[in-house]
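Okay, structure first, notes after.
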Amino acid sequence: MEDITDEVVVAASPEHVWQAIADPVAHAEWHPFLTHIAGGHALGSTRTCDVRVGKKPGRTEERCSTYDEGRRITWSIDQDSTGFSRMVSGWTAGFSLEPQGSHATRVVAESTFTPTKLFSRLMLPMIRRKFHKTQQSILTGLKQYMEK
């Protein structure tokens, strides 16, 4: 299983950062690849995310598989129109939060997946770089949103 993590420290309390992540409307405002979220973020709930990857629009269907109020949220990506889910199994993505004093929060973005096709195993170094770049862009979007 591949585990890809990136992190950032945001100058905002964990409660405020959690609200920006856990509220679907706010989440779509700061996430650089999301254009719309339909559905909830409670444990077991599903959501549909309209995304834009480069110039290509897409959609994912996700289920909230971990929900630890104020600390961690993870979604299992059940379907996506970008084609990545055809090359991997067990794809998850999410965030964990850790207080850094009273007015800062360490946010960790984490994605996991298992390559299932020979092609995806051969392309793993490129896939890992792309995931890191994507997660870093997402964390930058959250940081800018929270610190404005």
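One-based numbering along the sequence shown.
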**Request:** With the side chain counted from C-beta on, respond yes when Arg106 and Leu97 share a heavy-atom pair under 4.5 Å apart, and no when they do not.
**Result:** no
**Asked** Would you call Asp80 and Trp91 a side-chain contact if the rule is heavy atoms closer than 4.5 Å?
**Response** yes
**Item:** Under 3.5 Å: donor-acceptor pair, side chain of Glu147, backbone of Ala11
**Value:** yes
**Prompt:** Between Thr105 and Glu98, do the side chains contain an N or O donor and an N or O acceptor separated by less than 3.5 Å?
**Reply:** no
**Request:** Indicate yes or no: at least one non-hydrogen side-chain atom of Lys133 is less than 4.5 angstrom from one of Arg128.
**Result:** no
**Request:** Check each of Arg47, Arg63, Arg59 against Asp78 using the salt bridge (Lys or Arg N to Asp or Glu O under 4.0 Å) test, and report the only one that passes.
**Result:** Arg63
**Request:** Determine whether Ile4 and Thr112 make a side-chain contact, defined as any pair of heavy atoms from C-beta on separated by less than 4.5 Å.
**Result:** no
Donor-acceptor contacts under 3.5 Å from residues 68-76 side chains, at least two apart:
residue, atom, partner, partner atom, Å
Glu69, OE1, Tyr67, OH, 3.1
Glu69, OE2, Trp18, NE1, 3.3
Ser76, OG, Ser65, OG, 3.1

**Item:** Atom CD of Gln100: over 12 foreign heavy atoms under 6.0 Å
**Value:** yes
**Message:** Any non-hydrogen side-chain atom of Ser137 less than 4.5 Å from a side-chain atom of Phe33?
**Reply:** yes
**Request:** Could you tell me whether the side chain of Val8 reaches within less than 4.5 Å of the side chain of Asp6, counting heavy atoms only?
**Result:** no
**Message:** What I'd like to find out is whether the side chain of Cys64 reaches to under 4.5 Å of the side chain of His41, using heavy atoms alone.
**Reply:** no
**Request:** Indicate yes or no for a side-chain donor-acceptor contact from His103 to the backbone of Ala12 under 3.5 Å, with no hydrogens or angles considered.
**Result:** no
**Fill in**
Between the CG atom in Asp50 and the OG1 atom in Thr35, the distance rounded to the nearest 0.5 Å is 4.5 Å
**Asked** Should Pro57 and Val51 count as side-chain neighbours, where that means a heavy-atom distance under 4.5 Å?
**Response** no
